[in-house]
Amino acid sequence: MKDSALIVVDMIYDFIDGSLACQEADKAVANTVEYIGRNHPYPILFIRDHHPANHCSFAAQGGPWPPHCVQGTRGAEIHKDLLPFAEEELCFCKGEDPSREQYSGFEGKNEAGQSLGEVLGLMEIDNVVICGIATEFCVLNTAEDLLKAGFKVTVLKDCIAYVEAQGHKEALEAMKAEGIRLI
Ligand SMILES: [Zn+2]
């Protein structure tokens, strides 16, 4: 499907085995690798949480989270099993402004300063398939922004991981009610 793309949200080490390790993260990564194997070739775009050390979402600055995905650390790196699929111009960083929380990857920027939404437009993508971490934060917010921007959105429910089971369940219900397809 040349008008479709896969968007991998925050499959980076701090959300897998690091300071904010999420439930089902290893399974979500393995299932994503398998999904890519079955659906290749297929443009794959990566979103990365990528914070300065003094980011406002960290507890020391009054935020809700422990330090995570700090620029230049292993915790901010894409999982090694997915890294071979990550092209630099299709990797989008978010959360780089120390004063702003950014759960959605929609306005994430690549090295050239282009946003995810802009690049999807240039690639003439209509359908986006989303997987990643965490369901109730960055997956939910990214999926909702893409839906609002007019894309057809599908979430791979075996390829997502979460902070809490209840929040995961509620986020899936909310997405379904909004018209996001869950498969
Ligand atoms: Zn973050």
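Side chains are part of it too, since the values below use all heavy atoms of this structure and drop only hydrogens, waters and symmetry mates. Whatever order the structure lists them in is the order used to number ligands and atoms, beginning at 1.
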His51 near the Zn ion (ligand 1): N/O/S under 2.8 Å: yes

Quick check: does Glu101 have an N/O/S atom under 2.8 Å of the Zn ion (ligand 1)? no

Name of whichever N/O/S atom of His68 is nearest to the Zn ion (ligand 1): NE2

Atom nearest to the Zn ion (ligand 1) - Asp49, N, O or S atoms considered: OD2

What orientation do Tyr35 and Tyr42 show, parallel under 30°, tilted 30 to 60°, or perpendicular over 60°? perpendicular

Have a look at His68 and tell me which of Phe137, Phe15, Tyr13 forms a ring-ring contact (aromatic ring centres under 6.0 Å, His included) with it. Phe15

Would Lys94 and Asp49 pass as an ion pair if we require N to O under 4.0 Å? yes

Could you check whether Lys27 pairs with Glu24 (Lys NZ or Arg NE/NH1/NH2 to Asp/Glu carboxylate O, under 4.0 Å)? yes

